[in-house]
Amino acid sequence: ASELGAAPRVTARDSRGEGLAASLERRGPVAGLRMLLPRAEAAREALPEALRALGAVVDVVAVYRTVQRPLSPEARRLLREGRVDAVILTSGSTVEALVEDLGGIDLLRGTALAVIGPVTAEALRRRGLEPAVQAARAEASALAEALRAHFAGEGG
């Protein structure tokens, strides 16, 4: 937000809806506040539910929609041949779309599955797969660092 000219007043310690609600509550009373939540059409309900439970009035507005595009024939071939070192997954909807596009999880078994955070990891586990790499924080830079550490043999 700072690149838009405004600095955030509250930043979640835990980069999930639950974490943002907890950070807002720690800052001061939430009851009676009116909040606008612009978000993805298919987002989790954790944040608005948590804020409403704290007494806030929350208006949720879908401002974008995830559109699924099929993998290229080249990407499918590389997966089949076991030539993909890692598949990076940044949301539960990414997991669902990829598994649907592949017609199952078989082609994902031969590669390191890297997830941005616990929500994405849980979506992967629901599909019977375990992440090889999980970011320490649900941020792109933390995911990149976790991947670097994983392939450097440092764990992660």
Side-chain angles (χ1 to χ4, degrees), residues 1-72 75 84-102 105 108 111-156:
S2 60
E3 60 271 8
L4 299 176
R9 291 188 183 174
V10 178
T11 302
R13 293 179 188 167
D14 170 1
S15 297
R16 297 180 301 149
E18 298 88 333
L20 182 54
S23 293
L24 286 167
E25 183 180 28
R26 276 192 297 276
R27 191 171 195 294
V30 175
L33 294 179
R34 181 151 200 160
M35 300 183 178
L36 173 64
L37 179 57
R39 66 176 197 174
E41 183 178 69
R44 296 170 58 236
E45 291 300 315
L47 180 56
E49 287 176 359
L51 293 171
R52 288 178 183 128
L54 294 170
V57 176
V58 181
D59 293 309
V60 176
V61 178
V63 295
Y64 70 94
R65 170 183 313 129
T66 302
V67 177
Q68 184 175 338
R69 289 187 47 189
L71 286 179
S72 69
V84 175
D85 295 315
V87 173
I88 300 168
L89 301 158
T90 57
S91 69
S93 63
T94 303
V95 171
E96 297 305 318
L98 181 61
V99 170
E100 181 181 320
D101 185 46
L102 292 174
I105 61 174
L108 297 174
T111 186
L113 301 172
V115 298
I116 198 162
V119 173
T120 309
E122 183 52 37
L124 198 59
R125 289 184 183 108
R126 280 194 306 271
R127 289 300 196 146
L129 295 166
E130 189 65 28
V133 177
Q134 182 171 327
R137 298 171 320 283
E139 299 170 4
S141 60
L143 182 53
E145 173 55 27
L147 279 161
R148 186 208 59 76
H150 175 79
F151 286 108
E154 299 171 13

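Since this is a predicted model, take the numbers as computed values, not measurements. Throughout, residue positions are numbered sequentially from 1 according to the sequence presented.
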Val10 side chain near Arg26 side chain, heavy-atom distance below 4.5 Å: no

Test Leu89 against every option in Leu124, Leu129, Leu143, Leu108 by the side-chain contact (heavy atoms from CB on, under 4.5 Å) rule and name the one that passes. Leu124

If you look at every heavy atom in Ser93 and Thr66, which pair is closest and at what distance? OG-OG1, 4.1 Å

Least distance between heavy atoms, Val30 atom then Ala56 atom: CG1-CB, 3.5 Å

Taking NZ, NE, NH1 and NH2 as the nitrogens, is one of them in Glu49 or Arg52 under 4.0 Å from a carboxylate oxygen of the other? no

So, do Thr90 and Thr120 sit near enough that their side-chain heavy atoms are less than 4.5 Å apart? no

Contact between Leu33 and Leu54 at the side-chain level, heavy atoms closer than 4.5 Å - yes or no? no

Taking the side chain as every heavy atom from C-beta outward, state whether Leu51 and Leu47 have any pair of such atoms under 4.5 Å apart. yes

All heavy atoms of Val133 vs all of Leu147, minimum pair found to be CG1-N, 3.9 Å

Atom CZ in Arg127, atom CG in Leu98: separation rounded to 0.5 Å? 10.0 Å

Distance-minimising heavy-atom pair for Ala121 and Pro131: CB-CG, 4.0 Å

If you define the side chain from C-beta out and look only at heavy atoms, does anything of Arg44 sit under 4.5 Å from Glu18? yes

Could you give me the CA-CA distance, side-chain angles and deciding distance for Ile88 and Thr94, then say whether side chain to side chain contact (heavy atoms under 4.5 Å, CB included) is met? CA-CA 9 Å; Ile88 300 168; Thr94 303; over 6 Å; no

Do other residues, nucleotides or ligands put more than 12 heavy atoms under 6.0 Å from the CZ atom of Arg9? no

Looking only at heavy atoms, the pair that brings Ala142 and Ala136 closest together is CB-N, 4.3 Å

Approximate separation, where rounding is to 0.5 Å, of Arg148 CZ and Glu145 CD: 4.0 Å

State, with a plain yes or no, whether a side-chain heavy atom of Glu96 is found less than 4.5 Å away from one of Ser91. no

Pairwise side-chain contact, Gln134 with Pro118, heavy-atom cut-off 4.5 Å (strictly under): yes

Check whether any side-chain N or O of Arg34 sits under 3.5 Å from a backbone N or O of Asp59 as a donor-acceptor pair, and report yes or no. no

